[in-house]
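Worksheet: one structure, shown below.
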Amino acid sequence: MNCLFCKIIDGSIPSTKVYSDEQCYAFADIAPQAPVHVLVVPRKHIASLLEITGEDPALVGHLHWVAAEIAREKGLTRGYRTVINTGEDGGQTVDHLHVHLLGGRSMAWPPG
Ligand code: 5GP
Ligand code: ZN
């Protein structure tokens, strides 16, 4: 499958690892939008939240737990933002489910 994040997970495209376990891999975003910008991706290829099945909710929860662990490890005690862009209108550009972890600065609302 010609998927950028599957290639990052299998190591054929290099990345800066932040966290890894049997269910997911987390790495630094190549174009950081905040002092901390990490992508948490499931090892299982799921194109987007629109494609999750009844088997996947625990995995989606796990991604958020991992984001919280990374936030704690990086000292984001003032908070952080997690974002999942879904589909064209959601602004998704890589079709492999991923949680953005953004922190280290104050975030604006609403998003663009
Ligand atoms: P999306 O727009 O799909 O929500 O997020 C895709 C993210 O992947 C973007 O923040 C983009 O900077 C990041 N990205 C795209 N290509 C690469 C890459 O080759 N390596 C890394 N580390 N991040 C990437
Ligand atoms: Zn993939």
Side-chain angles (χ1 to χ4, degrees):
M1 186 185 299
N2 193 27
C3 170
L4 176 65
F5 286 175
C6 282
K7 289 176 181 168
I8 284 177
I9 291 163
D10 74 18
S12 57
I13 291 177
S15 64
T16 302
K17 174 181 155 183
V18 174
Y19 174 91
S20 178
D21 67 21
E22 67 288 345
Q23 293 183 75
C24 71
Y25 180 69
F27 55 100
D29 196 291
I30 203 168
Q33 302 300 310
V36 174
H37 189 172
V38 174
L39 302 174
V40 186
V41 306
R43 292 184 179 279
K44 174 183 177 182
H45 178 88
I46 302 171
S48 83
L49 271 189
L50 272 173
E51 275 75 32
I52 64 167
T53 71
E55 294 178 359
D56 299 321
L59 175 59
V60 176
H62 182 75
L63 301 178
H64 286 82
W65 174 75
V66 167
E69 287 283 280
I70 295 168
R72 285 188 281 263
E73 193 268 328
K74 292 196 174 289
L76 300 179
T77 53
R78 287 168 54 87
Y80 59 88
R81 182 167 293 172
T82 42
V83 175
I84 300 178
N85 295 323
T86 300
E88 196 177 347
D89 277 3
Q92 185 176 5
T93 59
V94 178
D95 290 336
H96 182 130
L97 177 64
H98 50 283
V99 175
H100 293 258
L101 167 64
L102 296 147
R105 66 168 171 85
S106 182
M107 301 290 158
W109 190 264

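Atoms within each ligand, like the ligands themselves, are counted from 1 in listed order.
- Summary of contacts: the protein heavy atom closest to atom 11 (C) of ligand 1 is D29 OD1, 3.4 Å.
- Neither the backbone nor the side chain of I13 comes within contact range of ligand 1; no heavy atom lies under 4.0 Å.
- Geometrically, ligand 1 and L39 share no nitrogen or oxygen pair separated by less than 3.5 Å.
- Only the side chain of I8 comes within 4.0 Å of ligand 1, counting heavy atoms alone; its backbone N, CA, C and O stay farther away.
- Within the 4.0 Å heavy-atom criterion, neither part of V83 lies near ligand 1.
- With E73 contributing its side chain and V18 its backbone, the two residues share no donor-acceptor pair below 3.5 Å.
- Put simply, the side chain of R43 gets close to the backbone of D21: a donor and an acceptor are under 3.5 Å apart.
- Atoms of ligand 1 lying under 4.0 Å from at least one heavy atom of F5, given by number and element, are 8 (O).
- Atom-to-atom distance recorded for H45:NE2 and I9:CD1 is 9.5 Å, nearest 0.5 angstrom.
- The heavy atom nearest to atom 4 (O) of ligand 1, considering only H37, H100, Q92, is found in H100.
- Residues S15 and K7 fail the side-chain proximity criterion, which asks for heavy atoms closer than 4.5 Å.
- Annotation: angle subtended at the Zn ion (ligand 2) by H45 ND1 and C3 SG is 110°, to 10°.
- Scanning all protein heavy atoms for the shortest distance to atom 15 (C) of ligand 1 gives L4 CD2, 4.0 Å.
- Distance from atom 2 (O) of ligand 1 to its nearest protein heavy atom, with residue and atom name: T93 OG1, 2.8 Å.
- Atom NE2 of H96 and atom CD of E51 lie 12.0 Å apart (nearest 0.5 Å).
- Looking only at heavy atoms of the protein, atom 1 (P) of ligand 1 is closest to H98 NE2, 3.1 Å.
- Closest protein heavy atom to atom 22 (N) of ligand 1: A28 O, 2.9 Å.
- Contact check for Q92 versus L49: no side-chain heavy atoms found under the 4.5 Å cut-off.
- Atom-to-atom distance recorded for L63:CG and Y25:OH is 15.0 Å, nearest 0.5 angstrom.
- V38 and L4 are members of different hydrophobic clusters when ILVMFWY side chains are connected at heavy-atom separations under 4.5 Å.
- Of all atoms in ligand 1, listed by their number and element, those nearer than 4.0 Å to a heavy atom of G91 are 2 (O).
- Taking only nitrogen or oxygen atoms, main chain and side chain alike, F27 does not reach within less than 3.5 Å of ligand 1.
- Both V40 and L59 belong to a single network of hydrophobic side chains, linked directly or stepwise wherever heavy atoms of I, L, V, M, F, W or Y lie under 4.5 Å apart.
- Between I8 atom CD1 and C3 atom SG the span is 8.5 Å, to the nearest 0.5 Å.
- The proximity of Q33 to ligand 1, defined as any non-hydrogen pair under 4.0 Å, does not occur for either the backbone or the side chain.
- Counting heavy atoms from C-beta on, the side chains of E55 and K44 come closer than 4.5 Å.
- Residue H96 approaches the Zn ion (ligand 2) most closely through its N/O/S atom ND1.
- Remark: minimum distance from atom 17 (C) of ligand 1 to any protein heavy atom is reached at I30 CG2, 3.7 Å.
- For the pair H98/F27, no side-chain contact is recorded, criterion being any heavy-atom separation below 4.5 Å from C-beta on.
- Of all the atoms in ligand 1, the ones that sit under 4.0 Å from a non-hydrogen atom of A31 are 12 (O).
- Counting heavy atoms closer than 4.0 Å to ligand 1, residue N85 contributes side-chain atoms (C-beta onward) but none from N, CA, C or O.
- Within the structure, the closest approach of S15 to ligand 1 does not fall below 4.0 Å when heavy atoms are considered.
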